[in-house]
Amino acid sequence: MTINAPTAPAQAGTSHDALAKWVDEVAELTTPDRVIWVDGSPEEWRDVTDALVNAGTFTRLDETKQPDSFRAASDPSDVARVEACTYICSREEKDSGPTNNWMDPDEMKGILTQLFRGSMAGRTMYVIPFVMGHLDAEHPMFGVEITDSEYVVASMRIMARIGAPVLAKMEELQADFVPALHSVGAPLQPGEQDVPWPCNDTKYIVHFPEERMIWSYGSGYGGNALLGKKCYALRIASAVAHDEGWMAEHMLILKLTSPQGKAHYIAAAFPSACGKTNLAMLQPTIPGWKAETLGDDIAWMRFGKDGRLYAVNPEYGFFGVAPGTNQRTNPNAMATLKGGHSIYTNVALTDDGDVWWEGLENEPAHATSWKGADWTPDSTEPAAHPNSRYCTPITQCPILADEYDDPQGVPISAILFGGRRKTTIPLVTEARDWAHGTFMGATLSSETTAAAVGKTGIVRRDPMAMLPFIGYNAGDYLGHWIDIGKQSDASLLPRIYYVNWFRRDDDGGFLWPGFGENSRVLKWIVERIEGTADARETPIGHVPTPEALDVDGLDLTTEQIAEALAVNSKEWQAEIPQIQEWFTKFGDQLPTELQVELDTLTTRLGDC
Ligand code: GTP
Ligand code: SPV
Ligand code: MN
């Protein structure tokens, strides 16, 4: 680490001229006590985590149970993404609408400049060079996060490739980079005692898509603060991808190998806290099938020379939902965490220095809740926040696919869309073609979850699971999907499917056991691609015939399986006006292909 005196020029840290200039400007505006260049070394991890322990942000966990791992509790007001405070500040309002918040970029910069003025006083300003995706990619995607949060430094080290090798390559190329400025917005007066989780009630998560720039203020949590993730790899990258003809999507990537040894790569877009991490690390329950992980949250996809769509995971770690994770639901996440070097945020702390959350085995008789209160199994409040998370290195995942390290990525055979719907949406439906699949994605709906601040359980449209992450006009985004489908031969494009693990029976229980049993659905999908599985045509697409789905050894009745697969025309007829209303939002920006799909669906439903 290079420590500069408070007012020393930051050029000491880099020979990258544009970066040095920007770091100087930010230091002048935010007036930190010192500037530290993050190099990614083991000593630095030790220093930063020690500082976090001393500040009371981190509790070091028991070394035998959770090696080199820490538990953090956030301020109770700073627990998830803040969609209402997230902006896409394109120059023209129409380039951001209709689903994003917008403000004129100059007006927003005026507001933010005032907020950032002196915002790092009494703190250390860290400069984190990072690359999303591979450093040896054809066009490495550089970013630099400036932050006054040690928690962000520690987390970014896990979530992205960062530090000295990245800076060296940036310098060598004098490369363009996305400037990503972050402050928790809690300056310290001389002598003022810090709090364990500094943040500000005023929050702004702001993107300037044309300038490829991010300014984030007031929050220290997850997607609000780890700016390589949602801000860069989805919002900014989606705008870049739109301009350049590729895709930045909220998708997991997995490799599935059949008993015959044939491998397929699958990408899947589910809204936040709807099962991406779990599917990405799936442990198949059907004999002979093998799953391997490539990514659990974000996929960047480009056409290869062979006309197929290739996906890479731009991240380097998992920032996964803790509640519900256990040996049965996600043994591979548990094994990844066993490797240590992890940060747990807003989970409960047990009396013997371990972590616990709802759904984990070995419920303790007593623990400290995420809010710092005494917790027992009789407590009425949960021990862990529903959006509590683990942050852990992807390289520790025992089923990480070797191809993960290939900057070319992997050719995708199938894209899945899915959400949380109690009714209507069958376990799996196959799209007729790319345009129909795009319609499925465009009309994807799901109950809101604790991953974003706001009421949970409300059904909303979440196109391609990207509603909070599209960095430009959402109508143009849907148009981009349609265009992508025209760039290659239909036979080379991924096939598209719509899945729902969350359909309920009359008693409110899940109709489908989910988790490892989802391998049965993946098997049907692969067999469809290979032309060996049966399906029945319905107004909404192809669904498995009951015989085509492998239910061997599954503890479900024929009626239950039929219910999970049912296409209920009444429920679908009720869906039509909702989709029509959703499409109205887009005005002229709605691709005509999608209106045609809706009309076709309406006619087909009318005929049945
Ligand atoms: P983000 O990281 O927010 O983007 O979420 P994600 O899509 O990766 O969600 P994740 O896999 O972490 O799952 C969120 C919650 O859904 C967890 O509590 C899981 O236990 C639960 N879940 C995941 N898969 C299934 C499933 O197949 N069935 C059921 N019933 N629950 C599931
Ligand atoms: C999500 O909300 O989709 C996440 C968590 O993956 S966060 O990084 O906070 O956005
Ligand atoms: Mn996500």
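In each ligand, atom 1 is the first atom listed, and ligand 1 is the first ligand listed.
Under a 4.0 Å criterion applied to the non-hydrogen atoms of R389, ligand 1 contributes the atoms 1 (P), 2 (O), 3 (O). The distance from ligand 1 to the heavy atoms of T277 drops below 4.0 Å at these ligand atoms: 6 (P), 8 (O), 11 (O), 12 (O). Close contacts of ligand 2 with A451, meaning ligand atoms under 4.0 Å from a residue heavy atom, involve 2 (O). Contact atoms of ligand 1 toward V321: 12 (O) (distance under 4.0 Å to a heavy atom of the residue). Of all atoms in ligand 2, listed by their number and element, those nearer than 4.0 Å to a heavy atom of G223 are 7 (S), 8 (O), 9 (O), 10 (O). Atoms of ligand 2 lying under 4.0 Å from at least one heavy atom of F469, given by number and element, are 3 (O). Taking every non-hydrogen atom of D297 and a distance limit under 4.0 Å, the qualifying atoms of ligand 2 come out as 6 (O). Each of the following atoms of ligand 1 lies closer than 4.0 Å to a heavy atom of H250: 4 (O). Applying the 4.0 Å criterion to heavy atoms of S272 picks out, from ligand 2, the atoms 1 (C), 2 (O), 3 (O). Every atom of ligand 1 is numbered from 1 in the order shown, and the set under 4.0 Å from a heavy atom of P271 is 7 (O).
Put simply, no part of R81 is less than 4.0 Å from ligand 1, judged by heavy atoms. For E517, the closest heavy-atom approach to ligand 1 does not fall below 4.0 Å. Residue D297 places a heavy atom less than 4.0 Å from ligand 1. For H250, the closest heavy-atom approach to ligand 2 falls below 4.0 Å. The shortest separation from a heavy atom of Y221 to ligand 2 is not under 4.0 Å, leaving the residue out of contact. The shortest separation from a heavy atom of A280 to ligand 1 is not under 4.0 Å, leaving the residue out of contact. Under a 4.0 Å heavy-atom criterion, G320 is not in contact with ligand 1.
In terms of protein heavy-atom proximity, atom 6 (P) of ligand 1 is nearest to K276 N, 3.4 Å. For atom 21 (C) of ligand 1, the nearest non-hydrogen atom of the protein is R420 NH2, 4.0 Å. Ranking the protein heavy atoms by distance from atom 26 (C) of ligand 1 puts F515 N, 3.7 Å first. Protein heavy atom at the shortest distance from atom 9 (O) of ligand 1 is G275 N, 3.0 Å. If you check which protein heavy atom lies closest to atom 29 (C) of ligand 1, you get F502 CE2, 3.6 Å. Closest to atom 2 (O) of ligand 2, if we only count protein heavy atoms, is R81 NE, 2.8 Å. P323 O, 3.6 Å is the protein heavy atom nearest to atom 17 (C) of ligand 1. The protein non-hydrogen atom at the shortest distance from atom 19 (C) of ligand 1 is N278 ND2, 3.6 Å. Looking at atom 4 (C) of ligand 2, its nearest protein heavy atom turns out to be K230 NZ, 2.9 Å. Among all non-hydrogen protein atoms, the one lying nearest atom 5 (O) of ligand 1 is A273 N, 2.7 Å.
For the residue pair E292/Y404, the side-chain donor-acceptor check at 3.5 Å is not satisfied. There is no side-chain donor-acceptor pair under 3.5 Å between Y232 and E145. No hydrogens or angles considered: nothing links the side chains of R520 and N518 as a donor-acceptor pair under 3.5 Å. Looking at T325 and N330, their side chains never bring a donor and an acceptor atom within 3.5 Å of each other. Defined by atom type and a distance below 3.5 Å, a donor-acceptor pair is present between the side-chain atoms of R421 and S445. Residues K371 and H385 have side chains that never bring a donor and an acceptor to within less than 3.5 angstrom of each other. Side chains of S74 and N346: a donor-acceptor N/O pair is present below 3.5 angstrom, by distance only. Judged purely by distance below 3.5 Å, without hydrogens or angles, the side chains of Y498 and E430 never pair a donor atom with an acceptor atom. Defined by atom type and a distance below 3.5 Å, a donor-acceptor pair is present between the side-chain atoms of W197 and D78.
Aromatic ring centroids of W481 and F417 lie under 6.0 Å apart. Between W375 and W370, the ring centre distance reaches or exceeds 6.0 Å. Separation of the W512 and F502 ring centroids does not fall under the 6.0 Å cut-off. With ring centers used as reference points, F142 lies 6.0 Å or more from F177.
Across F318, F469, F510, heavy-atom proximity to atom 30 (N) of ligand 1 is greatest for F510.
A donor-acceptor pair is defined here as one N or O able to donate and one able to accept, closer than 3.5 Å; such a pair exists between the side chain of W357 and the backbone of A322.
Geometrically, K230 engages F469 in a cation-pi contact defined by less than 6.0 Å to the ring centre and at most 45° from the axis.
Of the charged side-chain nitrogens involved, none lies within less than 4.0 Å of a carboxylate oxygen, so that R71 and D354 do not count as a salt-bridged pair. Salt-bridge formation is detected for the pair E447/K422: a Lys NZ or Arg NE/NH1/NH2 atom is positioned less than 4.0 Å from an Asp or Glu carboxylate oxygen.
At a heavy-atom distance under 4.0 Å, only side-chain atoms of N518, from C-beta outward, approach ligand 1. Of all the heavy atoms of S272, the ones lying under 4.0 Å from any atom of ligand 1 are found in both the backbone and the side chain.
The minimum distance between the Mn ion (ligand 3) and any N, O or S atom of D297 involves atom OD1.
Of the options Y390, Y221, Y151, a side-chain hydrogen bond (donor to acceptor under 3.5 Å, both in side chains) to T345 is made by Y151 and by none of the others.
The Mn ion (ligand 3) lies at the vertex of an angle of 90° between the NE2 atom of H250 and the NZ atom of K230 (rounded to 10°).
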